[in-house]
Amino acid sequence: MKIILASNSPRRRELLAGLNIDFQVKVLKGIDESYPADLPVDDVAAYISKNKAAAYKNILSPDELVITADTIVVLGDRVLGKPASPKEASEMLHALSGQTHKVITGVCLTTCEQQRTFSVTSEVSFKHLTDDEIDYYIRNYLPFDKAGAYGIQEWIGYVGVTGLMGSYFNVMGLPVQRIYQELVDMIGWEKLIHGDKALP
């Protein structure tokens with residue numbers, strides 16, 4: 001089974017590579033990432049990941065499996081996506097400052113024969129961030145490609161995160177432990193790890 005990661009994110013590539021499995025990256029442009037306004041926030045990431053998978057469904061070969069994913073930050077009942085400007089990034093980080101929020105990554109594993117969709121939730125607590133800390137982070141790390149305007153693996157995570165409940169890798173953007181287990185269930189351990197060299 002050839003595994004395809006449908007993501008341009010260097011963090012997701014790095015995380016999936018950490019499982020020591022062979023995969024390739026294939027990204028289709030123009031996929032709709034919107035969701036119904038009345039959708040419960042806990043279901044948003046899984047919904048988007050399944051929408052992304054639908055774009056690949058008709059171009060998959062029988063020996064291919066595509067991984068689609070979406071990560072959101074949830075503060076209360078508010079979904080924080082990727083900031084469109086430094087001002088919006090600053091507003092998000094000020095909102096997260098001194099609070100505990102959820103990071104939810106939805107994942108969809110799709111083949112011609114089957115599909116599995118799930119989401120993994122982690123809770124992250126921030127200290128009270130100063131204006132100078134927020135401005136410094138935005139100016140130097142340009143977090144405009146990150147949900148909630150931050151990357152836990154960057155400077156802001158080192159100085160600001162006071163607590164984490166759940167998977168650290170999930171907060172980075174891919175719950176690799178859960179993905180590994182789902183792939184083992186779908187493909188089998190030998191074929192996942194050894195690929196074409198797997199014993200018959």
Side-chain angles (χ1 to χ4, degrees), residues 5 7-19 33-49 52 67-108 117-182:
L5 176 63
S7 176
N8 270 324
S9 166
R11 294 170 298 281
R12 288 196 178 125
R13 295 182 193 185
E14 175 189 349
L15 289 170
L16 191 60
L19 293 180
E33 296 188 20
S34 63
Y35 56 90
D38 59 349
L39 190 68
V41 292
D42 288 352
D43 298 336
V44 168
Y47 178 92
I48 296 174
S49 73
K52 290 179 178 180
I67 301 173
T68 52
D70 190 76
T71 300
I72 61 170
V73 168
V74 177
L75 181 62
D77 59 358
R78 179 183 169 201
V79 175
L80 304 182
K82 298 173 184 176
S85 65
K87 180 176 182 291
E88 192 173 353
S90 178
E91 289 171 353
M92 287 184 182
L93 289 172
H94 275 98
L96 295 174
S97 175
Q99 303 292 325
T100 296
H101 63 273
K102 295 190 293 188
V103 179
I104 305 173
T105 300
V107 179
C108 194
T117 306
F118 56 88
S119 61
V120 175
T121 301
S122 304
E123 291 189 358
V124 181
S125 298
F126 267 109
K127 77 178 185 85
H128 286 280
L129 299 166
T130 67
D131 290 346
D132 287 340
E133 288 167 340
I134 290 173
D135 292 344
Y136 174 85
Y137 175 66
I138 294 170
R139 189 169 62 251
N140 287 279
Y141 290 87
L142 307 174
F144 307 116
D145 63 337
K146 298 176 178 66
Y150 82 93
I152 194 171
Q153 73 279 7
E154 295 178 341
W155 182 84
I156 199 77
Y158 284 80
V159 305
V161 173
T162 58
L164 170 67
M165 184 178 295
S167 167
Y168 174 83
F169 298 122
N170 184 55
V171 181
M172 282 183 66
L174 207 61
V176 283
Q177 188 279 332
R178 176 69 182 273
I179 288 174
Y180 165 80
Q181 195 58 56
E182 296 284 349

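Distance check: K87 NZ to I138 CD1 gives 11.5 Å after rounding to the nearest 0.5 Å. The CZ atom of F169 sits 11.0 Å away from atom CD of Q177, with the distance rounded to the nearest 0.5 Å. For the atom pair L39 CG and Y47 OH, the distance stands at 7.0 Å (nearest 0.5 Å). Of the inter-residue distances, the one linking M172 atom CE with S9 atom OG reads 8.0 Å to the nearest 0.5 angstrom. For the atom pair M165 CE and S122 OG, the distance stands at 10.5 Å (nearest 0.5 Å). Put simply, CD on E154 and CG on N140 are 10.5 Å apart, with the number rounded to the nearest 0.5 Å.
Under the 3.5 Å distance criterion, the side-chain polar atoms of E133 are matched with a main-chain donor or acceptor of T130. At distances below 3.5 Å, not a single donor-acceptor pair connects side-chain atoms of K82 with backbone N or O atoms of G148. In terms of modelled atom types and a separation under 3.5 Å, the side chain of T105 and the main chain of N170 share a donor-acceptor contact. S97 places a side-chain N or O within 3.5 Å of a backbone atom of L129 that can act as its donor or acceptor partner. Put simply, the side chain of E88 gets close to the backbone of A84: a donor and an acceptor are under 3.5 Å apart.
Taking the ring centroids of H94 and F126, they lie at or beyond the 6.0 Å cut-off.
Neither side chain, S49 nor D70, offers a donor N or O lying under 3.5 Å from an acceptor on the other.
S34 approaches I48 most closely through the heavy-atom pair O-CG1, 4.4 Å. The shortest heavy-atom contact between F144 and P86 is CE2-N, 3.6 Å. When all heavy atoms of V73 and V103 are compared, the closest pair comes out as CG2-CG2, 4.2 Å. Annotation for V41 and D77: closest pair CG1-O, 3.5 Å, computed over non-hydrogen atoms. Scanning both residues, P83 and A149, for their nearest heavy atoms gives CG-CB, 3.7 Å. For L80 against R78, the heavy-atom pair with the smallest separation is CD2-NE, 3.3 Å.
Contacts of Y141 classified as ring pair (Phe, Tyr, Trp, His ring centres under 6.0 Å), with partners at least two apart in sequence or in another chain: Y137.
For residues 35-46, the set of pairs meeting the side-chain hydrogen bond (donor to acceptor under 3.5 Å, both in side chains) definition, not counting sequence neighbours, comprises D42-K102. Identified under the ring-ring contact (aromatic ring centres under 6.0 Å, His included) test for residues 74-93, with sequence neighbours left out: none.
Counting heavy atoms from C-beta on, the side chains of Y180 and L16 never come closer than 4.5 Å. By the 4.5 Å heavy-atom criterion applied to side chains, V124 and Y168 are not counted as neighbours. Using a 4.5 Å heavy-atom threshold, the side chains of Y136 and I134 count as separate. I152 has its side chain within reach of V161: a pair of non-hydrogen atoms, C-beta onward, lies under 4.5 Å apart.
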(Q) Run T68 and V107 through side chain to side chain contact (heavy atoms under 4.5 Å, CB included) and show every step you take. (A) CA-CA 6 Å; T68 52; V107 179; over 6 Å; no
**Q.** Residues Q153, Y158; criterion side chain to side chain contact (heavy atoms under 4.5 Å, CB included); working and verdict
**A.** CA-CA 7 Å; Q153 73 279 7; Y158 284 80; 5.9 Å; no
Q: For the pair L164 and E123, evaluate side chain to side chain contact (heavy atoms under 4.5 Å, CB included) and give the outcome as yes or no after the intermediate values.
A: CA-CA 6 Å; L164 170 67; E123 291 189 358; over 6 Å; no
Q) Would I104 and V44 satisfy side chain to side chain contact (heavy atoms under 4.5 Å, CB included), going step by step from the backbone distance to the final call? A) CA-CA 9 Å; I104 305 173; V44 168; over 6 Å; no
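For the side chain to side chain donor-acceptor pair (under 3.5 Å) with T71, the qualifying choice from R11, R12, K146 is R12, the only one to do so.
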